[in-house]
Structure formats: structure tokens, C-alpha cells
Enquirer: 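If you scroll down you'll find the structure; I have some questions about it.
Just so you know, these numbers come straight off a predicted model, no measurement behind them.
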Amino acid sequence: MDAENTLAARQGDTVDVLIWRERGLGAADLPAVFEANPGLADHGAVLPLGTLVVVPVTPPAQASRPVVQLWD
């Protein structure tokens, strides 16, 4: 495993929280993460402390949308 692409779960982490906190990835990236980690879903919703999760390299995201503020 490449340490640069491997994350360790903290207490109470779910896969989506882990990849969002550490890499800024969202729900659209979950299928690739589960594909790169066979059996990861077998742990259930909350990952055991220290579970290693490989995050595949993803292409850069498309251009971001402008931020709309409703209030100043």
C-alpha cells in the first residue's frame, strides 16, 4: 500500500467522513474507494479504529461553481 494514498480511520469514522475530512472527496468518489478496498463495507457503517482505507487517485474535479451568498 502507498502510504500517501492510505488513510487510517479515527474513532467513529464512516468512509464518507474519512475521505471528506482527509481528501475533500464526496459521495461521487465512494464507489471508487469501495472498489479499491474489497471487503471495506463488511465493517459496517462505522469503521473500526485504525482501519486502513486506500484512496485511489482521482482526476482533478471540474471547474467549481461560483459561490452564491444570500446575505452579506
Enquirer: Find out if a path of hydrophobic residues (ILVMFWY) with successive side-chain heavy-atom gaps under 4.5 Å connects Val53 to Leu30.
Expert: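 Looking at the clustering, Leu30 is in the same group as Val53.
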
Enquirer: State the OG1-CD distance between Thr6 and Glu22, to the nearest 0.5 angstrom.
Expert: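 It is 12.0 Å, given to the nearest 0.5 Å.
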
Enquirer: If Ile, Leu, Val, Met, Phe, Trp and Tyr residues are connected whenever their side-chain heavy atoms lie under 4.5 Å apart, and connections chain through other members, are Phe34 and Leu18 in the same group?
Expert: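 Linked within one cluster.
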
Enquirer: Please report the closest heavy-atom contact between Pro48 and Ala9, naming both atoms and the distance.
Expert: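 Minimum heavy-atom separation between Pro48 and Ala9: O-CB, 3.8 Å.
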
Enquirer: Does Thr51 reach the side chain of Asp13, with side-chain heavy atoms less than 4.5 Å apart?
Expert: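 No; the side chains remain at least 4.5 Å from each other.
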
Enquirer: Which heavy atom of Gly50 sits nearest a heavy atom of Ala8, and at what distance?
Expert: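 Taking Gly50 first and Ala8 second, the nearest heavy atoms are O-CB, 4.4 Å.
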
Enquirer: Could you state whether Leu47 and Val17 fall into the same hydrophobic cluster, counting links through intermediate Ile, Leu, Val, Met, Phe, Trp or Tyr residues with side-chain heavy atoms under 4.5 angstrom apart?
Expert: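 Unlinked, Leu47 and Val17 end up in two clusters.
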
Enquirer: Compare every heavy atom of Leu25 with every heavy atom of Asp29, then report the nearest pair and how far apart it is.
Expert: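 Reported closest heavy-atom pair: OD2-CB, 3.3 Å.
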
Enquirer: Could you give the distance from CG (Asn5) to CG (Leu52), rounded to the nearest 0.5 Å?
Expert: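 Going from the CG atom of Asn5 to the CG atom of Leu52 covers 12.5 Å.
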
